[in-house]
Amino acid sequence: LRLLRAVRFASNLNFTIEPATWEALVKMAPLIRSVSPERIRDELTRWLTGPHPEIGLDLLDASGLLALLLPEVAAQKGCTQSPDYHPEGDVHQHVRLMLTHLREPTPILAWSVLLHDIGKPRTRTVDSDGRIRFHGHEGVGAHMARELLARLRFSNADTDAIVACVANHMAFKDVP
């Protein structure tokens, strides 16, 4: 659990982890599997609802903890998007950018932002004209989010709320 706490403290307090400590954290990352899902969930929620969740996302990714704990989120890295709609880059960069805009979010909102596009890597297609599409990613993502949240032992009420956000995040995309 101290692995996640180091990430949370560095993220929330906006500081750099000392190199020897970072090296030990990376080396010990696989041990995170011995921590209960509930404790992992609570620590990740504290990170996500803190003032700099994007820093924590970077640290989780660089340490290998992201791939171990949230492989669905880690899969977003390198999943390219149309630069016409997402000039910020791949899905990972899009989610990271969204995290920078959160201000004292509720856990429901923070988890919804983190998970809203987890269906994109599984639904990515490229049309004959080269246009990248993600047909139905919100439905696939809602299913994936439900599985991930169950794995972390979220309550049914929180799971339903987050899944609803993921499933419906495209509902207003065409509103002027």
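Small disclaimer: the values here were computed from a predicted structure and weren't measured. Residues: numbered from 1 along the sequence shown.
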Engineer: Let me see the working for Lys27 and Glu23 under side chain to side chain contact (heavy atoms under 4.5 Å, CB included), right down to the final yes or no.
Structural biologist: CA-CA 6 Å; Lys27 181 179 178 183; Glu23 189 176 310; 5.8 Å; no
Engineer: Got more than 12 heavy atoms from elsewhere within 6.0 Å of CZ, Phe15?
Structural biologist: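 Counting other residues, nucleotides and ligands, CZ of Phe15 exceeds 12 neighbours.
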Engineer: Are Leu97 and Val73 connected into the same hydrophobic cluster when the rule is that any two of I, L, V, M, F, W, Y join if their side-chain heavy atoms are below 4.5 Å apart?
Structural biologist: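 Val73 and Leu97: separate clusters.
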Engineer: One pair to check against side chain to side chain contact (heavy atoms under 4.5 Å, CB included): Gln93 and Lys77. What are the steps and the verdict?
Structural biologist: CA-CA 8 Å; Gln93 288 301 319; Lys77 195 165 189 176; 5.9 Å; no
Engineer: So, taking the atom named CG in Leu65 and the one named CG in Leu57, what distance separates them when rounded to the nearest 0.5 Å?
Structural biologist: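 These two atoms lie 12.0 Å from each other.
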Engineer: Which atom pair, heavy atoms only, marks the closest approach of Ala161 to Ile108?
Structural biologist: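 What the structure gives for the nearest pair is CB-CG2, 3.9 Å.
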Engineer: Find out if a path of hydrophobic residues (ILVMFWY) with successive side-chain heavy-atom gaps under 4.5 Å connects Val91 to Met170.
Structural biologist: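 Result: no, two separate clusters.
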Engineer: Mark yes or no for whether Arg103, through its side chain, and Thr100, through its backbone, hold a donor-acceptor pair below 3.5 Å.
Structural biologist: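 Here the side-chain-to-backbone pair exists.
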Engineer: Under 4.5 Å between any side-chain heavy atoms of Leu1 and Glu43, yes or no?
Structural biologist: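 Result yes, sub-4.5 Å side-chain heavy-atom pair found.
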Engineer: Look up atom CZ in Arg131 and atom OG in Ser82, then write down how far apart they are to the nearest 0.5 Å.
Structural biologist: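 Those atoms lie 6.0 Å apart.
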Engineer: Verify the neighbour count for atom CZ of Arg124: are there more than 12 heavy atoms of other residues, nucleotides or ligands below 6.0 Å?
Structural biologist: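 Counting neighbours around CZ of Arg124, more than 12 heavy atoms of other residues, nucleotides or ligands fall under 6.0 Å, so yes.
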Engineer: Considering the options Asn156, Val166, Leu115, which one meets the side chain to side chain contact (heavy atoms under 4.5 Å, CB included) requirement together with Leu149?
Structural biologist: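 So the option named by the test is Leu115.
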Engineer: State the CG-OG distance between Leu4 and Ser11, to the nearest 0.5 angstrom.
Structural biologist: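 Going from the CG atom of Leu4 to the OG atom of Ser11 covers 11.5 Å.
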Engineer: Give a yes or no on whether the ring-centroid distance for His137 and His116 is below 6.0 angstrom.
Structural biologist: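 They do not qualify: ring centres at least 6.0 Å apart.
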Engineer: Whether Asp160 and Arg146 form a salt bridge (side-chain N of Lys/Arg under 4.0 Å from carboxylate O of Asp/Glu) is what I want to check.
Structural biologist: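 Yes, charged N to carboxylate O under 4.0 Å.
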Engineer: Evaluate Leu44 against Leu60 for side chain to side chain contact (heavy atoms under 4.5 Å, CB included), listing each step before the verdict.
Structural biologist: CA-CA 10 Å; Leu44 291 175; Leu60 288 170; 4.1 Å; yes
Engineer: Do NZ/NE/NH1/NH2 and the carboxylate oxygens of Glu38 and Arg41 come within less than 4.0 Å?
Structural biologist: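 Salt bridge: no.
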Engineer: So, does Asn168 use its side chain to make a donor-acceptor pair with the main chain of Ala164 at under 3.5 Å?
Structural biologist: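 Such a contact is found between Asn168 side chain and Ala164 backbone.
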Engineer: Minimum heavy-atom separation for Leu48 to Leu102, with atom names?
Structural biologist: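 Looking at all heavy atoms of both residues, the shortest contact is O-CD1, 4.5 Å.
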Engineer: Could you tell me which non-hydrogen atom of Ala75 sits nearest to which non-hydrogen atom of Pro121, and how far apart they are?
Structural biologist: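 In terms of heavy atoms, the two residues are closest at O-CG, 3.6 Å.
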Engineer: Should we say atom NE2 of His169 is surrounded by more than 12 heavy atoms from elsewhere, each under 6.0 Å from it?
Structural biologist: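 Yes - once you tally the heavy atoms of other residues, nucleotides and ligands closer than 6.0 Å, there are more than 12.
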Engineer: Should Arg133 and Asp127 count as an ion pair when the cut-off is N to O under 4.0 Å?
Structural biologist: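 Here Arg133 pairs with Asp127 in a salt bridge, since their nearest N and O are under 4.0 Å apart.
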Engineer: So which heavy atom on Ser112 is nearest to which on Ile162, and how close?
Structural biologist: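 Heavy atoms only, the tightest pair is OG-CA, 3.7 Å.
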Engineer: Using side-chain heavy atoms (C-beta onward) and a distance below 4.5 Å, is Thr16 in contact with Trp22?
Structural biologist: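 Answer no - side chains too far apart.
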Engineer: Rounded to the nearest 0.5 Å, what separates atom NE2 in His101 from atom CE in Met98?
Structural biologist: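 Going from the NE2 atom of His101 to the CE atom of Met98 covers 8.0 Å.
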Engineer: Could you measure the distance from the CZ atom of Arg8 to the CG atom of Leu3? Nearest 0.5 Å is fine.
Structural biologist: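 Reported value, rounded in 0.5 Å steps: 13.0 Å.
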Engineer: Between Phe154 and Val163, is the side chain to side chain contact (heavy atoms under 4.5 Å, CB included) condition met? List the steps.
Structural biologist: CA-CA 11 Å; Phe154 273 78; Val163 168; over 6 Å; no
Engineer: Around atom CD of Glu18, are there more than 12 heavy atoms from other residues, nucleotides or ligands closer than 6.0 Å?
Structural biologist: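 More than 12 within 6.0 Å, yes.
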Engineer: Any chance you could pull the hydrophobic cluster mates of Phe134, using side-chain heavy atoms under 4.5 angstrom and chaining through other members?
Structural biologist: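 Val126, Ile132, which link up through side-chain heavy atoms under 4.5 Å apart, make up the rest of the cluster.
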Engineer: In the structure I gave you, are the side-chain heavy atoms of Ile17 and Phe9 within less than 4.5 Å of one another anywhere?
Structural biologist: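 The answer is no; the side chains never approach within 4.5 Å.
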Engineer: Which distance, rounded to the nearest 0.5 Å, do you find between the NE2 of His52 and the CG of Leu99?
Structural biologist: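 Reported to 0.5 Å precision, the distance equals 12.5 Å.
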Engineer: Does some side-chain heavy atom of Glu104 sit less than 4.5 Å from a side-chain heavy atom of Thr49?
Structural biologist: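 Thr49 does not reach Glu104 side chain to side chain.
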Engineer: Mind checking whether Gln76 and Asp90 have side chains closer than 4.5 Å, heavy atoms only?
Structural biologist: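 A side-chain contact is absent here, since even the closest heavy-atom pair is not under 4.5 Å.
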Engineer: Below 4.0 angstrom, N of the basic side chain to O of the carboxylate: do Glu54 and Arg96 qualify?
Structural biologist: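 No, Glu54 and Arg96 are not salt-bridged.
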Engineer: Got a salt bridge between Asp117 and Lys120, using NZ or NE/NH1/NH2 to carboxylate O under 4.0 Å?
Structural biologist: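 So Asp117 pairs with Lys120 through a salt bridge.
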Engineer: As a quick check of understanding, evaluate side-chain hydrogen bond (donor to acceptor under 3.5 Å, both in side chains) for His94 and Glu88, giving each step before the final call.
Structural biologist: CA-CA 6 Å; His94 168 68; Glu88 69 277 7; 2.9 Å; yes
Engineer: Between Glu72 and Arg151, is there a salt bridge with N-O shorter than 4.0 Å?
Structural biologist: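 The answer is yes: the pair qualifies as a salt bridge.
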Engineer: Sort out for me which residue in Leu152, Thr106, Asp158 forms a side chain to side chain contact (heavy atoms under 4.5 Å, CB included) with Trp111.
Structural biologist: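 Only match with Trp111 under side chain to side chain contact (heavy atoms under 4.5 Å, CB included): Leu152.
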Engineer: Among the clusters formed by ILVMFWY side chains lying less than 4.5 Å apart, do Ile118 and Tyr85 turn up in the same one?
Structural biologist: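 Result: no, two separate clusters.
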